[in-house]
Amino acid sequence: NDTCCHRSPRHSHTGAEMGKFGAIQCLACVGLMISGYAVYVEEMKFDDPSYEALCDVELWGMSMSCSKVLASSYGHILSHWGIVPHKSALDWANASLGGIFYLIMLG
């Protein structure tokens with residue numbers, strides 16, 4: 001009897017439930033890393049407007065820039081929608097809000 005992994009019948013989980021839980025935690029870890037990188041990119045762009053992030057790419061003549069989006073008003077959706085005042089203490093970056101969400105998912 002392995003007491004470390006033993007669960008009472010009330011708390012037993014099927015393999016599928018445990019797999020789903022593990023997949024959610026794995027995806028939450030990935031989301032947390034991406035959110036962290038997005039916060040880093042936003043700070044770097046704020047310090048140096050010429051900063052180019054890894055997610056700023058040009059492909060087949062099309063230019064895509066995550067740093068421009070993160071530094072724009074869309075990067076702070078709460079103030080963009082007028083829910084909180086611009087540059088207020090509650091005007092959190094979307095990446096920060098995402099990081100909090102993923103931390104909750106890991107909990």
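Remember, predicted model here, so these are calculated numbers, not experimental data.
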What side-chain donor-acceptor pairs closer than 3.5 Å can you find for residues 91-107, not counting sequence neighbours?
residue	atom	partner	partner atom	Å
Asp91	OD1	His76	ND1	3.4
Asp91	OD1	Ser79	OG	2.8
Asp91	OD2	Ser79	OG	3.3
Asp91	OD2	Lys87	N	2.9
Trp92	NE1	Ala89	O	2.9
Asn94	OD1	Ile77	N	3.0
Asn94	ND2	Tyr74	O	2.8

- Message: Applying side-chain hydrogen bond (donor to acceptor under 3.5 Å, both in side chains), can you list everything that pairs with Ser63, at least two apart in sequence or on another chain?
- Response: none

- Interatomic distance, CG@Leu70 vs CD@Glu43, rounded to 0.5 Å, equals 11.0 Å

- Message: Hydrophobic cluster membership, with links at side-chain heavy-atom distances under 4.5 Å among I/L/V/M/F/W/Y: are Val57 and Leu54 in one?
- Response: no

- Looking at residues at least two apart in the chain, or sitting in another chain, which of them share a disulfide (SG to SG under 2.5 Å) with Cys55? Cys66

- Item | Partners passing side-chain hydrogen bond (donor to acceptor under 3.5 Å, both in side chains) against Ser72 (at least two apart in sequence or in another chain) | none

- Within 6.0 Å of CD in Gln25, more than 12 heavy atoms from elsewhere: yes

- Would you list the pairs meeting side-chain hydrogen bond (donor to acceptor under 3.5 Å, both in side chains) in which at least one residue belongs to residues 27-41, sequence neighbours left out? none

- Can you list the other members of the hydrophobic cluster that holds Met62, where links are side-chain heavy atoms under 4.5 angstrom apart? none

- With Asp47, which residues qualify under side-chain hydrogen bond (donor to acceptor under 3.5 Å, both in side chains), at least two apart? none

- Message: Measuring from atom OG of Ser50 to atom NZ of Lys45, what distance do you get when rounded to the nearest 0.5 angstrom?
- Response: 7.0 Å

- Message: Suppose the criterion is disulfide bond (SG atoms under 2.5 Å apart): which pairs have a residue in residues 72-107, not counting sequence neighbours?
- Response: none

- Message: Just to verify, what does His86 make a side-chain hydrogen bond (donor to acceptor under 3.5 Å, both in side chains) with, not counting sequence neighbours?
- Response: none

- Separation between CD of Glu52 and NZ of Lys68, rounded to the nearest 0.5 Å: 9.0 Å

- Scan for disulfide bond (SG atoms under 2.5 Å apart) pairs involving residues 68-107, sequence neighbours excluded, and state none if there are none. none

- Message: Among residues at least two apart in sequence or on other chains, which ones pass side-chain contact (heavy atoms from CB on, under 4.5 Å) with Leu59?
- Response: Met64

